[in-house]
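Before any comments, here is the structure.
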Amino acid sequence: MNEGCEGAVIPRRVVITGMGAISPAGMGADTLFDAAVAGTTAISKLEGDVAESVNVNVAGLIHDFEPTEHRMTKKQARRWERFVQYAVVAADEAMQQAGLVRESDERDDTPFALADGIDPHTFAVVYGSGIGGMDIFQAEAVKLHEKGGKRVSPLFIPTMISNIAAGELAIRYGLQGECTNCVVACATGTQCIGDAYRLIRFGLADRVLAGGSEESISDVSIAGFANLGALTHEADPQRASRPFDANRSGFVAGEGAGALVLESLDAALERGATILAEVVGFGATGDAHHITAPDPSGEGVARAMRQALADGGFTPDEVGHLNAHGTSTGLNDATEATALALLMGTDAPQTPVTSTKGITGHMLGAAGAIEAIVCAKSVANDLVPPTAGFEEADPACPVVVLTEARRDYPQKVALSNSIGFGGHNTTLALAPYKE
């Protein structure tokens with residue numbers, strides 16, 4: 001821990017050294033980013049009796065996924081819910097890219113061991129899921145109703161609960177620092193990364209594995225969101241998720257996971273790690289307004305963005321772009337546009353805005369992690385991705401939404417927003433790493 005002359009903690013710089021993803025775009029963080037830069041949607045047709053009954057036709061699905069092809073045993077594949085399996089795939093990629101694990105020769109169910117010289121006691125896990133194991137929840141509820149309580153699986157609870165992803169990741173890599181799971185609905189992934197950033201920044205951990213995972217394409221989830229009026233009824237996958245577009249009609253449910261390895265700058269430099277980007281700030285606020293609708297004034301979202309910028313010593317006029325929550329719903333997109341205007345003032349119409357959900361749909365608790373990866377890669381590569389699906393500007397959303405990637409565009413800092421049911425507003429400030 002770094003301390004000042006009177007024992008005060010000196011905030012540390014926090015950098016990203018590993019990123020991993022599994023998304024509707026495919027396997028890997030690079031695959032995700034390539035789709036983002038190309039503006040290619042990965043949304044596909046959704047079939048099934050329940051989806052048909054509520055007129056939901058599309059989703060951001062993970063196709064042809066076989067967990068045993070991703071360093072999981074058959075027993076793990078049987079026992080782990082999909083949100084845990086997705087978390088493991090994303091985390092394996094991030095940990096290997098960061099160079100923090102080596103092959104283990106101990107047991108098949110623990111294929112990795114920490115690299116030599118890495119202290120497990122100062123390596124934390126902050127990894128969340130907005131909903132957790134909805135598939136098993138649905139299946140066991142039906143079993144209870146049809147066959148009685150004695151037939152409910154004894155593993156139902158430890159398989160379903162959303163903190164199990166964090167717990168299984170800690171076990172997989174032998175991480176013995178703080179191990180937590182934050183659940184703030186659709187802001188979960190961003191909140192987890194923000195909490196991880198704070199642990200490192202204030203000397204409570206040297207390294208953190210952070211992110212979010214979701215298995216949201218289950219009958220009960222689709223029916224619930226559809227009956228809430230949140231999901232689009234659009235049948236064309238290419239036109240279903242179109243954030244900020246005048247003809248948007250609701251969000252598209254997506255699934256998958258994102259993982260980031262955060263380290264203190266000193267810890268990363270000491271071991272010669274490749275630094276991908278820097279987390280320079282985090283902001284979190286509450287609307288105290290409504291359980292599902294954001295405060296249309298945008299004030300809470302704007303405060304979260306201001307906090308994230310102030311954390312890193314940046315001003316609004318230094319923002320290169322905003323990776324918006326951008327769900328493709330009427331109220332959310334308009335609220336975010338209003339919030340950006342509150343933050344930027346007269347500069348708002350010049351600030352590029354993108355939404356990764358045009359590609360993936362809304363991955364709920366995983367969305368913030370996936371979008372942080374895209375945002376971090378964007379600033380590191382001096383570009384801003386377009387928004388897939390966007391065609392016609394909405395006067396209610398007076399923001400610059402790109403239809404092609406803006407390249408050769410160096411940025412000092414960019415923002416990544418997430419907004420969750422319950423009035424949760426979270427923002428990460430991400431910057432290219434500079435010595």
Side-chain angles (χ1 to χ4, degrees), residues 19-46 57-65 86 89-90 93 186 189-190 211-214 216-217 231-232 234 236-245 247-259 321-329 332-333 336 352-379 381 383-391 399 401-407 414 416-419 430:
M19 294 186 280
I22 173 173
S23 74
M27 297 297 304
D30 287 344
T31 300
L32 168 70
F33 187 60
D34 288 346
V37 174
T40 305
T41 187
I43 292 161
S44 53
K45 290 284 187 181
L46 177 66
N57 306 289
V58 295
L61 297 160
I62 305 294
H63 293 284
D64 303 319
F65 177 70
Y86 295 158
V89 170
E93 180 187 4
C186 305
T190 300
S213 180
E214 206 76 84
S216 54
I217 316 299
L231 298 182
T232 182
E234 174 64 58
D236 181 358
Q238 300 298 315
R239 298 172 59 83
S241 182
R242 35 184 165 174
F244 300 102
D245 191 276
N247 297 303
R248 65 194 184 279
S249 57
F251 78 77
V252 174
E255 62 182 358
H321 82 279
L322 169 66
N323 190 308
H325 188 56
T327 58
S328 188
T329 58
N332 178 93
D333 293 0
E336 255 191 302
V353 173
T354 187
S355 172
T356 306
K357 292 180 180 69
I359 303 158
T360 63
H362 191 351
M363 295 170 64
L364 307 180
I370 288 290
E371 290 153 15
I373 290 170
V374 171
C375 191
K377 282 179 166 287
S378 296
V379 296
N381 287 279
L383 62 78
V384 181
T387 296
F390 179 83
E391 295 177 345
V399 292
V401 183
L402 303 182
T403 56
E404 295 183 358
R406 181 172 293 182
R407 301 176 185 272
S416 184
N417 278 350
S418 290
I419 300 169
L430 301 161

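Positions are given from 1 along the sequence.
- Here CE of Met363 is found 9.5 Å from CD1 of Ile217. Values are rounded to the nearest 0.5 Å.
- Side-chain contact between Leu231 and Val252: absent, with no pair of heavy atoms (C-beta onward) separated by less than 4.5 Å.
- Put simply, the side chain of Ser213 does not reach to within 4.5 Å of the side chain of Glu255, judged on heavy atoms.
- Remark: side-chain polar atoms of Arg407 are not paired, donor with acceptor, to backbone N or O of Leu383 under 3.5 angstrom.
- Put simply, the side chain of Glu93 gets close to the backbone of Ala29: a donor and an acceptor are under 3.5 Å apart.
- In this structure, the separation between CD on Glu234 and CG on Asn247 is 9.5 Å, given to the nearest 0.5 Å.
- Other residues, nucleotides and ligands contribute more than 12 heavy atoms inside 6.0 Å of the CD atom of Glu391.
- Thr356 and Asn323 share a donor-acceptor pair across their side chains, judged by distance under 3.5 Å alone.
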Could you walk me through whether Ser44 and His63 satisfy the side chain to side chain donor-acceptor pair (under 3.5 Å) test, starting with their C-alpha distance in whole Å, then the side-chain angles of each, then the deciding distance to 0.1 Å, before giving a yes or no?
CA-CA 10 Å; Ser44 53; His63 293 284; 2.9 Å; yes
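- Glu371 CD to Thr360 OG1: the interatomic distance, rounded to the nearest 0.5 Å, is 6.5 Å.
- Leu402 is not listed as a side-chain neighbour of Thr354, based on a closest heavy-atom distance of 4.5 Å or more.
- Across all non-hydrogen atoms, the minimal contact from Ala388 to Pro243 is O-CD, 4.0 Å.
- Counting heavy atoms from C-beta outward, Ser378 and Pro385 have side chains that approach closer than 4.5 Å.
- Remark: side-chain polar atoms of Ser355 are paired, donor with acceptor, to backbone N or O of Gly326 under 3.5 angstrom.
- Lys377 and Asp30 are joined by a salt bridge, as a carboxylate oxygen and a charged side-chain nitrogen come within less than 4.0 angstrom of each other.
- A donor-acceptor distance shorter than 3.5 angstrom exists from the side chain of Thr41 to the backbone of Gly358, with no hydrogens or angles considered.
- Judged by distance alone, with hydrogens and angles left aside, the side-chain atoms of Asp333 form a donor-acceptor pair with the main-chain N or O of Thr327 at under 3.5 Å.
- Rounding to the nearest 0.5 Å places SG of Cys186 at 3.5 Å from NE2 of His362.
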Dump the intermediate steps for side chain to side chain contact (heavy atoms under 4.5 Å, CB included) on His321 and Val379, then the final yes or no.
CA-CA 9 Å; His321 82 279; Val379 296; 4.3 Å; yes
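- Lys357 places no side-chain N or O within donor-acceptor distance of the main-chain N or O of Ser241, the cut-off being under 3.5 Å.
- Summarising the geometry, atom CD1 belonging to Ile370 is positioned 5.0 Å from atom OG belonging to Ser23; distances are rounded to the nearest 0.5 Å.
- Side chains of Leu322 and Pro352 form no contact here, defined as non-hydrogen atoms less than 4.5 Å apart.
- Residues Ile22 and Leu32 fail the side-chain proximity criterion, which asks for heavy atoms closer than 4.5 Å.
- Phe390 places none of its side-chain heavy atoms less than 4.5 Å from the side chain of Arg248.
- In this structure, Glu214 contributes its side chain and Gly256 its backbone to no donor-acceptor pair below 3.5 Å.
- Taking every heavy atom of both residues into account, Ile373 and Gly258 meet most closely at CD1-CA, 4.2 Å.
- Side-chain atoms of Ser328 do not come within 3.5 Å of backbone N or O of Phe251 as any donor-acceptor pair.
- Closest approach of Ser418 to Gly368, counting heavy atoms only: OG-CA, 3.6 Å.
- The main-chain N or O of His325 is found under 3.5 Å from a side-chain atom of Glu336 such that the two form a donor-acceptor pair.
- Taking every heavy atom of both residues into account, Ala369 and Gly212 meet most closely at CB-N, 3.6 Å.
- Side-chain contact between Ile419 and Asn332: present, with at least one pair of heavy atoms (C-beta onward) separated by less than 4.5 Å.
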